[in-house]
Amino acid sequence: MKRKIETSELIFKIVAYFILIVFALLCVYPLIYALSSAFSSSSAVDGGKVVLWPVDVQGEAFLSVLQNNMFWLNYSNTLFVTFFGTVWALGYSILGAYALSKKRLMGRRGWNFFLVFTMWFSAGIIPQLTNYQNTIGIFNSIGISDLKWTVVLAMGMNATNIILLRNSFEGIPSEIEEAARIDGATEMQVLTKVYIPMSKATIATVALFFGISRWNGYFWSYKVMTTQPYSWPIQVYIRDYIDKYTIISGKGTETEIIEGWSNLYSYSAVSVVYSMVVCAVIPILAIYPFIQKYFAKGVNMGGVKE
């Protein structure tokens with residue numbers, strides 16, 4: 001028998017669905033606008049005629065991005081930083097979370113307090129910059145001159161993700177670990193054979209957090225890689241492109257930049273920027289649907305302490 005929906009509940013559902021639809025459209029619109037601007041003509045983009053759909057469709061801007069070797073070099077740098085940065089950060093976050101989840105850890109309460117303390121009071125930009133500069137000095141002393149490794153190794157810490165993993169590990173019944181130890185499992189085997197398989201949802205969620213932060217990382221890459229354009233991730237390259245060729249940066253008058261560009265190309269520099277942006281978000285859009293099923297479950301398991 002169907003339950004009769006009360007008027008107040010019906011109104012709540014209508015309002016909730018309306019808000020969700022509006023919010024979803026607000027999230028999707030920037031991507032639609034970027035696609036439309038990437039395939040619109042120079043006059044349409046520079047004249048602000050693009051609102052939703054492409055105007056005077058052209059594909060030269062996108063083609064120019066596909067033929068830009070420097071763009072793809074920096075794109076490969078982003079893939080490098082994202083992959084190795086995620087593996088590095090996730091690896092030692094799992095080790096740290098596993099240790100902090102154990103009640104037998106000496107000084108456990110103090111270590112957990114210091115971890116949470118970093119969430120309340122950030123060290124600030126200057127100490128972080130000093131950390132990265134010292135890391136660069138260490139790398140130079142051992143013969144590593146590629147600054148991508150600085151971003152990979154010196155930017156791995158995230159207290160929130162370690163806490164998510166720690167809470168997930170604490171939710172695993174101790175009886176399972178005891179059974180594994182009776183069977184002769186070592187500490188590392190307990191971690192790899194018991195805790196990691198039983199926390200796959202949380203680990204996948206944390207890996208997604210780390211991956212997105214590495215993929216979208218701009219500020220510190222820009223600060224520590226100023227002398228190595230060939231090591232830039234794609235976000236820094238796009239920012240540099242904006243500074244050089246578009247009026248968005250404000251580093252030149254609108255007339256100078258647009259006329260100088262128009263003398264060489266039939267499409268807008270802004271269309272090229274949006275083409276790069278579209279290319280930059282494709283991997284995240286492709287990967288996210290496969291991890292989405294773990295997302296809510298992983299956050300719930302790691303975010304709730306029993």
Side-chain angles (χ1 to χ4, degrees), residues 25-83 147-148 151 211-288:
L25 291 174
L26 290 175
C27 293
V28 172
Y29 178 73
L31 180 60
I32 295 175
Y33 180 81
L35 278 168
S36 300
S37 298
F39 289 100
S40 296
S41 65
S42 176
S43 59
V45 174
D46 295 332
K49 299 177 183 178
V50 180
V51 178
L52 186 62
W53 306 114
V55 179
D56 301 331
V57 179
Q58 55 79 31
E60 288 84 358
F62 213 95
L63 185 61
S64 70
V65 173
L66 297 179
Q67 296 173 342
N68 186 339
N69 293 331
M70 192 63 180
F71 173 81
W72 292 110
L73 173 63
N74 295 139
Y75 204 97
S76 66
N77 292 337
T78 302
L79 292 172
F80 177 93
V81 169
T82 301
F83 177 77
L147 295 178
K148 291 195 297 290
V151 178
I212 290 177
S213 68
R214 299 303 179 273
W215 187 268
N216 291 330
Y218 160 75
F219 181 76
W220 288 115
S221 297
Y222 178 76
K223 287 297 181 183
V224 303
M225 294 184 181
T226 53
T227 60
Q228 291 186 0
Y230 59 85
S231 294
W232 285 350
I234 192 60
Q235 291 75 18
V236 178
Y237 178 79
I238 294 175
R239 177 71 254 183
D240 182 70
Y241 192 95
I242 290 173
D243 289 342
K244 288 180 179 177
Y245 299 114
T246 76
I247 61 174
I248 298 174
S249 64
K251 294 186 177 181
T253 67
E254 181 174 349
T255 303
E256 288 175 350
I257 294 176
I258 290 181
E259 288 184 353
W261 182 270
S262 299
N263 291 333
L264 298 174
Y265 307 104
S266 59
Y267 49 86
S268 172
V270 178
S271 294
V272 179
V273 172
Y274 281 121
S275 299
M276 293 179 182
V277 170
V278 171
C279 290
V281 301
I282 286 175
I284 299 299
L285 293 178
I287 293 173
Y288 184 77

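In this chain, numbering begins with 1 at the start of the sequence shown.
Counting heavy atoms from C-beta on, the side chains of Trp232 and Leu73 never come closer than 4.5 Å. No side-chain heavy atom of Tyr274 sits under 4.5 Å from any side-chain heavy atom of Ser40. Ser275 places none of its side-chain heavy atoms less than 4.5 Å from the side chain of Val278. Looking at Pro229 and Met70, their side chains come closer than 4.5 Å, going by heavy atoms from C-beta outward.
Closest approach of Val55 to Lys49, counting heavy atoms only: CG2-O, 3.9 Å. Of all heavy-atom pairs spanning Ser36 and Val50, the tightest one is CB-CG1, 3.7 Å. Closest non-hydrogen pair, Ser221 versus Gly217, comes out as OG-O, 4.0 Å. Heavy-atom minimum distance, Leu52 versus Tyr29: CD1-CE1, 3.9 Å. The minimum heavy-atom distance linking Val273 with Tyr241 is given by the pair CG2-CD2, 3.7 Å. Between Met276 and Val65, the shortest heavy-atom distance links the atoms CG-CG2, 3.9 Å.
Test Leu79, Asn69, Ile234 against Asn74 for side chain to side chain contact (heavy atoms under 4.5 Å, CB included) and you get one pass: Ile234. Applying the ring pair (Phe, Tyr, Trp, His ring centres under 6.0 Å) test between Trp215 and each of Tyr75, Phe83, Phe80 identifies Tyr75 as the sole match.
Applying the side-chain contact (heavy atoms from CB on, under 4.5 Å) test to Leu26 and every residue at least two apart in sequence or in another chain returns Val22. Under the side-chain hydrogen bond (donor to acceptor under 3.5 Å, both in side chains) criterion, Tyr237 pairs with Asn68, sequence neighbours left out.
Between the side chain of Gln67 and the main chain of Phe62, no donor-acceptor pair closer than 3.5 Å is present.
A distance of 7.5 Å separates CD of Glu60 from CG of Leu63, quoted to the nearest 0.5 Å. Considering CG of Leu31 and CD1 of Ile282, their distance stands at 9.0 Å, rounded to 0.5 Å.
The number of heavy-atom neighbours closer than 6.0 Å to CH2 of Trp53, taken from other residues, nucleotides and ligands shown, is 12 or below.
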**Q.** side-chain contact (heavy atoms from CB on, under 4.5 Å) between Phe71 and Leu66, intermediate numbers included
**A.** CA-CA 8 Å; Phe71 173 81; Leu66 297 179; over 6 Å; no

